[in-house]
Amino acid sequence: MRRLELAALAVGFAVSGCSIQQEGEEANAQNSKGAVYHASELPYPFSDAVEVDGVLYLSGDIGANDAGTGVVPGGIEAETRRIFQRMEARLAKHDLTFDDVFKCTVMLEDMSEWPAFNAIYAEYFKEGRYPARSAFGTNGLALGAKVELECWAVKA
């Protein structure tokens, strides 16, 4: 149960977190239970990822622009590609790849765009090694995003 509570804390919306890092430093804070919190690069109050017992819980990500003030232009395809670019970089910071991802949750502003998202999603995982996944439609995402993706990865 405690692991689920920690996971729930780690799973936030992509733009609900703040950077607590100083310039040139990666800010990691560890709590008494061994969870390591990795600060977000976006200017909102959330951790980019939280590591617990060898599992990296990546916060939900939208196709945010570099400043985190909006999403990239171009609709679902552009946002999805941006999410995967950002996710790949976040995983690499922890010496992980998409091969280490075992669970994803997808939130779509419009479920009719599921096929467009799915086509891009499938490019990032090896056929036959897709993560477990949940998906649902929402009544709005941060910054007017069309899609948000959160993932969990395991450290070997």
Side-chain angles (χ1 to χ4, degrees), residues 4-29 35-52 55-94 96-126 130-154:
L4 287 175
E5 291 169 353
L6 290 171
L9 289 173
V11 176
F13 290 102
V15 278
S16 24
C18 99
S19 178
I20 57 171
Q21 59 194 80
Q22 296 184 8
E23 194 170 322
E25 275 181 46
E26 181 176 339
N28 296 334
V36 179
Y37 298 81
H38 301 274
S40 173
E41 294 176 358
L42 295 176
Y44 302 101
F46 73 99
S47 293
D48 200 41
V50 176
E51 207 174 316
V52 180
V55 176
L56 187 68
Y57 300 91
L58 296 164
S59 290
D61 206 341
I62 60 173
N65 61 28
D66 290 337
T69 57
V71 294
V72 295
I76 187 80
E77 291 90 355
E79 288 182 38
T80 301
R81 290 204 184 281
R82 178 69 173 144
I83 287 169
F84 277 100
Q85 291 166 355
R86 291 170 48 82
M87 188 79 63
E88 188 169 41
R90 291 166 64 198
L91 287 165
K93 283 183 183 179
H94 301 278
L96 297 171
T97 69
F98 288 111
D99 288 344
D100 301 301
V101 173
F102 68 92
K103 171 69 171 100
C104 293
T105 303
V106 182
M107 294 146 270
L108 292 163
E109 187 237 2
D110 181 351
M111 287 302 291
S112 72
E113 295 188 301
W114 177 249
F117 169 82
N118 230 16
I120 295 166
Y121 176 93
E123 294 175 15
Y124 287 87
F125 299 100
K126 292 178 182 163
Y130 298 116
R133 185 173 73 179
S134 303
F136 54 90
T138 68
N139 188 17
L141 293 167
L143 302 179
K146 295 188 172 295
V147 59
E148 182 169 346
L149 177 69
E150 71 173 35
C151 296
W152 298 3
V154 66

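As a basis for the values below, the full set of heavy atoms in this structure was taken, side chains included, without hydrogen atoms, waters or symmetry mates.
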Participant: Measure the CD1-CG distance between I76 and D110 for me, rounded to the nearest 0.5 Å.
Facilitator: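 Interatomic distance, I76 CD1 to D110 CG, rounded to 0.5 Å: 8.5 Å.
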Participant: Using every non-hydrogen atom in the two residues, find where K103 and S134 come nearest and quote the distance to one decimal.
Facilitator: NZ-OG, 3.1 Å
Participant: Have a look at C151 and tell me which of V101, I83, L56 forms a side chain to side chain contact (heavy atoms under 4.5 Å, CB included) with it.
Facilitator: V101
Participant: Could you tell me which non-hydrogen atom of T69 sits nearest to which non-hydrogen atom of N65, and how far apart they are?
Facilitator: N-OD1, 3.0 Å
Participant: H94 and A49: which non-hydrogen atoms are nearest, and at how many Å?
Facilitator: NE2-CB, 4.4 Å
Participant: Suppose we screen for ring pair (Phe, Tyr, Trp, His ring centres under 6.0 Å). Which residues come up paired with F125, at least two apart in sequence or across chains?
Facilitator: F98, Y121
Participant: Of T97, L58, D100, which is the lone residue that meets side chain to side chain contact (heavy atoms under 4.5 Å, CB included) with L91?
Facilitator: L58
Participant: Could you tell me the separation between the CG atom of D66 and the CZ atom of R82, rounded to the nearest 0.5 Å?
Facilitator: 4.5 Å
Participant: Can you tell me how far apart CE (M111) and OG1 (T138) are? Round to the nearest 0.5 Å.
Facilitator: 10.0 Å
Participant: Give a yes or no answer on whether the side chain of R90 reaches the backbone of D48 with a donor-acceptor pair at less than 3.5 Å.
Facilitator: yes
Participant: Check whether any side-chain heavy atom of T105 sits under 4.5 Å from a side-chain heavy atom of F136, and report yes or no.
Facilitator: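 Yes. Closest side-chain heavy atoms under 4.5 Å.
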Participant: Less than 4.5 Å apart, any side-chain heavy atom of E77 and any of I120?
Facilitator: yes
Participant: With sequence neighbours left out, write down each residue that passes side chain to side chain contact (heavy atoms under 4.5 Å, CB included) with A135, or none if nothing qualifies.
Facilitator: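 For A135, the residues satisfying side chain to side chain contact (heavy atoms under 4.5 Å, CB included) (neighbours in sequence not counted) are V106, W114.
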Participant: For a quick test of reading the model, state the closest non-hydrogen atom pair linking A78 to P73 and the distance between them.
Facilitator: CB-O, 3.2 Å
Participant: Specify the closest pair of heavy atoms between A64 and V72, including all atoms of both residues, with the distance to one decimal.
Facilitator: O-CG1, 4.1 Å
Participant: Nearest 0.5 Å, what's the CD-CD1 distance between E79 and I62?
Facilitator: 7.5 Å
Participant: Do T80 and K146 meet the criterion of a side-chain donor-acceptor pair at a distance under 3.5 Å?
Facilitator: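 There is no such pair between these side chains.
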Participant: For residues S59 and E150, report the shortest heavy-atom separation together with the two atoms involved.
Facilitator: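 Looking at all heavy atoms of both residues, the closest pair is C-CB, 4.2 Å.
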Participant: Find the distance between CE (M87) and CG (L96) and round it off to the nearest 0.5 Å.
Facilitator: 12.0 Å
Participant: With a 4.5 Å heavy-atom cut-off, do M107 and L141 have their side chains touching?
Facilitator: yes
